[in-house]
Protein chains: 2
Amino acid sequence: MSRSNPRVLSTLERAGGFASAQEVYQLMQREGQSIGLTTVYRSLQSLVNDKIVDVLRRDDGEAIYRLCGETHHHHLVCKSCGETVEIEGGAIEKWALNVGKEHGFREVGHTAEIFGLCSKC
Amino acid sequence: MSRSNPRVLSTLERAGGFASAQEVYQLMQREGQSIGLTTVYRSLQSLVNDKIVDVLRRDDGEAIYRLCGETHHHHLVCKSCGETVEIEGGAIEKWALNVGKEHGFREVGHTAEIFGLCSKC
DNA sequence: TATGGAAATGAAAATCATTTTCATTTGTGG
DNA sequence: CCACAAATGAAAATGATTTTCATTTCCATA
Ligand SMILES: [Zn+2]
Ligand SMILES: [Zn+2]
Ligand SMILES: [Zn+2]
Ligand SMILES: [Zn+2]
């Protein structure tokens, strides 16, 4: 597994909000940076593995990436415009842990996303 | 926009839970039903438009469909052996709904999975 | 029943994001 | 400088989904 190219992270920061791999690539192209699309994909993947960025899916299935805080959280995403709210999931953390333990599971983790239509859509 | 082929809906019902377009198509093939992949896609899309089925995305981006109103539940999955327990998610249902409403979202849905190591692993 | 147009169908081609391959370049310790 | 590993990226492969478009099926009406 390769390390992330720092320019990719820098570009994602500059993009603000979510950006797809293709968008990060195009942005770097426009800025005159020389980089391959493959490296952009590899770097983003590496950043996801390191939990430095979050990855979600647009409605059309394209993966979108964004810097995220270190604290564990979940997302409330608008299905239409993609607006995203970070959620501190106190209740769900306990729920997942309890359910896991009730069934004798160890090393219990979870995923959760909430989606809907935001007030503007 | 075309209407949904009733055999597609019937197959999705029979599949139980989520199924991708490709999976529905393959299932129909195996059952000896003659249908085109295009029609499967069109029918599923039409069912989504009519809000008869929900559509989500797998981690790999593939769209998966399921009947709305089918008993909603979540899964507790063993990371090692794959054993799966179906969970009635009372607490999380309310949590997701509340969080969505607090932020002015409509048509709020959610996904949630719990994973860990089962007692045998 | 015949007929004309609308809707449905599906095979094949086109799209498009993402992954894989693999040859080349770059970096680094010895 | 040399050897070797990691990084890079162009090109090809993959795979889901969409589009095209010619053909078939329906259906209302004469
Ligand atoms: Zn919105
Ligand atoms: Zn959580
Ligand atoms: Zn297990
Ligand atoms: Zn639920």
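Throughout, protein chains are lettered first and strands after them, A, B, ... in sequence-line order, and every chain is numbered starting at 1.
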Next on the checklist: Please determine whether side chain to side chain contact (heavy atoms under 4.5 Å, CB included) holds for the pair A:Leu56 and A:Arg66, giving the CA-CA distance in whole Å, both sets of side-chain angles, and the decisive distance to 0.1 Å.
Outcome noted: CA-CA 9 Å; A:Leu56 289 180; A:Arg66 160 184 89 161; over 6 Å; no
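- Atom CZ in B:Arg42 sits roughly 10 Å away from atom C1' in C:dA7 (whole-Å rounding).
- D:dA7 atom P lies 15 Å from atom CD of A:Gln45, rounded to whole Å.
- Computed from coordinates, the A:Glu23 CD to C:dA17 P distance equals 10 Å when rounded to whole Å.
- Counting to the nearest Å, the P atom of C:dA8 and the CD1 atom of B:Ile35 are 13 Å from each other.
- Of the inter-residue distances, the one linking A:Glu113 atom CD with A:Asp54 atom CG reads 8.0 Å to the nearest 0.5 angstrom.
- When distances run from any side-chain atom of B:Arg3 to the nucleotides C:dA7, D:dA7, D:dT17, the shortest one goes to C:dA7.
- OP1 and OP2 of C:dA8 both lie 4.0 Å or more from every side-chain N or O belonging to B:Asn5.
- Look at OH on B:Tyr25: it is 14 Å from C1' on D:dT17, rounded to the nearest Å.
- With sequence neighbours left out, the side-chain hydrogen bond (donor to acceptor under 3.5 Å, both in side chains) criterion links A:Thr111 to no other residue.
- Under the 4.5 Å side-chain criterion, counting only non-hydrogen atoms from C-beta, A:Leu67 is in contact with A:Leu9.
- The listed nucleotides are C:dG10, D:dT17, C:dA7; the one nearest the side chain of B:Glu62 is D:dT17.
- Under 3.5 Å, the side chain of A:Thr38 and the base of D:dA10 form at least one donor-acceptor pair of N or O atoms.
- In this structure, the CD1 atom of B:Ile64 is 16 Å from the C1' atom of D:dT17, given to the nearest Å.
- Residues of residues 50-59 of chain B having a heavy atom closer than 4.0 Å to DNA chain D: none are found.
- Between A:Asn49 atom CG and C:dT19 atom P the separation is 11 Å, expressed in whole Å.
- In this structure, A:Asp60 reaches neither bases nor backbone, as no heavy-atom distance under 4.0 Å exists between it and the strands shown.
- Here the OH-CG distance, from B:Tyr25 to B:Leu44, works out to 13.5 Å after rounding to the nearest 0.5 Å.
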Next on the checklist: Pair A:Arg58, A:Glu23 - check salt bridge (charged side-chain N to carboxylate O under 4.0 Å, His left out), show working.
Outcome noted: CA-CA 13 Å; A:Arg58 290 219 180 99; A:Glu23 286 164 353; 2.9 Å; yes
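- In this entry the distance linking CG of A:Leu44 with P of D:dG9 reads 14 Å, nearest Å.
- Within the 4.0 angstrom heavy-atom criterion, only backbone atoms of the sugar-phosphate kind lie near B:Ser34; the bases stay farther away.
- At the phosphate of D:dT18, neither OP1 nor OP2 sits under 4.0 Å from any side-chain N or O atom of B:Tyr41.
- Among C:dT18, D:dT17, D:dT8, the nucleotide with an atom closest to any side-chain atom of B:Gln22 is D:dT17.
- Residues satisfying the side-chain hydrogen bond (donor to acceptor under 3.5 Å, both in side chains) test with B:Glu93, not counting sequence neighbours, are B:His72, B:His74, B:His110.
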